[in-house]
Each structure stands twice: as structure tokens, then as C-alpha cells.
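Pasting in a structure now, in C-alpha cells, and then I'll have a few things to ask.
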Amino acid sequence: MGTGWTSALAGLVFGLGLIVAIGAQNAHVLRQGLRREHVAVVVAVCALSDVVLIAVGTAGVGALVAASPVVTAVATLLGAAVLLVYGALAARRALHPGALVADDDRPAGATAPVVPVLLVTLALTWLNPHVYLDTVVLLGAVSAGHGDARWWFAAGAAVGSVAWFSALGFGAALLRPVFARPGAWRVLDAGVAVVMVAIAAGLVVDLVAGAH
């Protein structure tokens, strides 16, 4: 039991180390949390997706996916395309601050429909190669080193993901006074656009470099 808890703690720390960074998924969760739009749905999709992918990686599927150049290339290109689109939308919002209205100034009930938000969340999760690299491949490989306690390691990593997305989504409300000004949204969306484009470019460059 001691070994199990030790592996669970190691998985928690390792999992948090992978996801606590500025990326496509985290930026989306933060934005929805700040706007208080369908936060529970976004957090649930991201957390449950991570749990599933961590389980898949721990089961050993990560090694099989990484061994297929075709699957890797297709996933990378799809992921880069999604990131570029999302980055373009963020850049458009940053260039048109008039469209960035704080929630408190909106008419009652004027929130974004849940379906588009859900689709964006699913795309940024399941079409993002970095998510697979972190959860399925990298975390799956590290979990294998824990032998019989690998599922304890996976459980720790899953708890870390659930805790992080919950804190990011629901805790974002604490920053709402800062983002009550359209200028703050301009800065946030400009940063999101830069990060999205940079990640997409990095994915394509790595893919081309790997092909040679």
C-alpha cells in the first residue's frame, strides 16, 4: 500500500507538471471561467478527457500510437489547423475590443450557446497533439516504470488534472475585477493568439524535422 500511495503522489506531481502551463486548453478554460459561460461543461470535458487519455496511456496504447508515423502526422496537422483557427479568432477579438464586453454589462441571459463552446473544448482537447504527447505517450511511459503500481500513478495524475481544471475554471472568477475592462480582454486574447500560433508552428516544424 505504501508503494501505491507513493506512486499516486508521484503521478499527481508529474501530471500537474505537464498541464500547469499556458496552452490551448488552459487558455480556453481560463477564458470561459472569466466569462462565467458553461464553466462546468468545459471543466468536465477537459478533466474527463484527461482521465480517459491517462488510462489509455497507462494501458500501453501510447507506445502503439507513437510507433505509427501516419497517425502521428495526421494528428499533428489536424491539431495545428485547429490551433491556427482558434488563434485567428482570438486575434480578431483582440483587434476589435468593442466586442469584448464584460459579463456584468451584458443583457440578462446573454451568454454564448453551449454547443459551440462544447465543440471548441472538444477540438482543443482531442485534436491537440500536445495533449496526446503529455497524457498518452509521456505519462504512459513514465507510469510503466512504476510496475504493478502504475495504476496508482495514473490515479494520482488523474486527480491532478481534475483539480487543476476545476481550480482554473471556477477560480478564474477571482480575476474578474481585472477583466472588467475591455483592454484587459484585448491583452488576454492577444496573448492567446500568439500562444496558439506559436504552438501550431512548432508542431509543423517538428513534423517536418522528424520527416527528415
Side-chain angles (χ1 to χ4, degrees), residues 12 15-56 75 78-94 99-136 139 157-180 184-197 199-200:
L12 174 64
L16 286 174
L18 290 178
I19 65 174
V20 180
I22 298 176
Q25 203 179 34
N26 286 342
H28 177 63
V29 175
L30 176 62
R31 183 177 178 83
Q32 293 305 126
L34 287 169
R35 301 185 76 90
R36 290 184 175 177
E37 287 182 343
H38 313 299
V39 180
V41 173
V42 172
V43 169
V45 169
C46 291
L48 291 177
S49 296
D50 258 18
V51 171
V52 171
L53 291 171
I54 288 170
V56 169
L78 283 175
V82 169
L83 293 175
L84 285 175
V85 170
Y86 192 74
L89 292 175
R92 181 176 180 275
R93 291 193 301 264
L100 300 175
V101 182
D103 288 339
D104 292 337
D105 298 328
R106 291 180 175 183
T111 58
V114 66
V115 173
V117 173
L118 176 61
L119 292 177
V120 170
T121 306
L122 289 170
L124 291 176
T125 300
W126 291 92
L127 294 180
N128 186 352
H130 277 290
V131 173
Y132 291 94
L133 177 63
D134 289 346
T135 56
V136 178
L139 197 146
V159 168
S161 290
V162 173
W164 168 252
F165 287 122
S166 298
L168 186 62
F170 295 107
L174 299 176
L175 297 175
R176 290 184 78 240
V178 177
F179 287 89
W185 285 102
R186 180 199 288 266
V187 173
L188 174 64
D189 281 319
V192 169
V194 171
V195 170
M196 299 302 106
V197 174
I199 295 176

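Hydrogens, waters and symmetry mates are skipped; everything else that's a heavy atom, side chains included, is used.
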V41 side chain near V117 side chain, heavy-atom distance below 4.5 Å: no
I need the minimum non-hydrogen distance between P113 and H38, along with the two atoms involved.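 Answer, listing the atom of P113 first, then H38: C-NE2, 3.6 Å.
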Side chain to side chain donor-acceptor pair (under 3.5 Å): pairs with one or both residues in residues 44-54, sequence neighbours excluded: S49-W126, D50-S161
Can you measure from CD (Q32) to OG1 (T121) and round to the nearest 0.5 angstrom?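 Result: 6.5 Å between the selected atoms.
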Do you know the tightest heavy-atom contact between A91 and A193?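 Heavy-atom minimum between the residues: N-CB, 3.7 Å.
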Answer whether the closest heavy-atom distance between the side chains of V42 and H28 falls below 4.5 Å.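 A side-chain contact under 4.5 Å exists here.
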What distance separates W164 CH2 from L12 CG, expressed to the nearest 0.5 Å? 13.0 Å
Indicate the atoms forming the closest heavy-atom contact of V131 with L124, along with that distance.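 Answer, listing the atom of V131 first, then L124: CG2-O, 4.2 Å.
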For the student: nearest non-hydrogen atoms of V51 and A158, plus distance: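 V51 and A158 have their closest heavy atoms at CG2-CB, 3.9 Å.
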Shortest non-hydrogen contact from R36 toward A173: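 Taking every non-hydrogen atom into account, NH2-CB, 3.8 Å.
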To the nearest 0.5 Å, tell me how far F165 CZ sits from L30 CG. 12.0 Å
Testing the basics here: between V39 and G33, what is the closest heavy-atom pair and its distance to 0.1 Å?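 V39 and G33 have their closest heavy atoms at CG2-CA, 3.8 Å.
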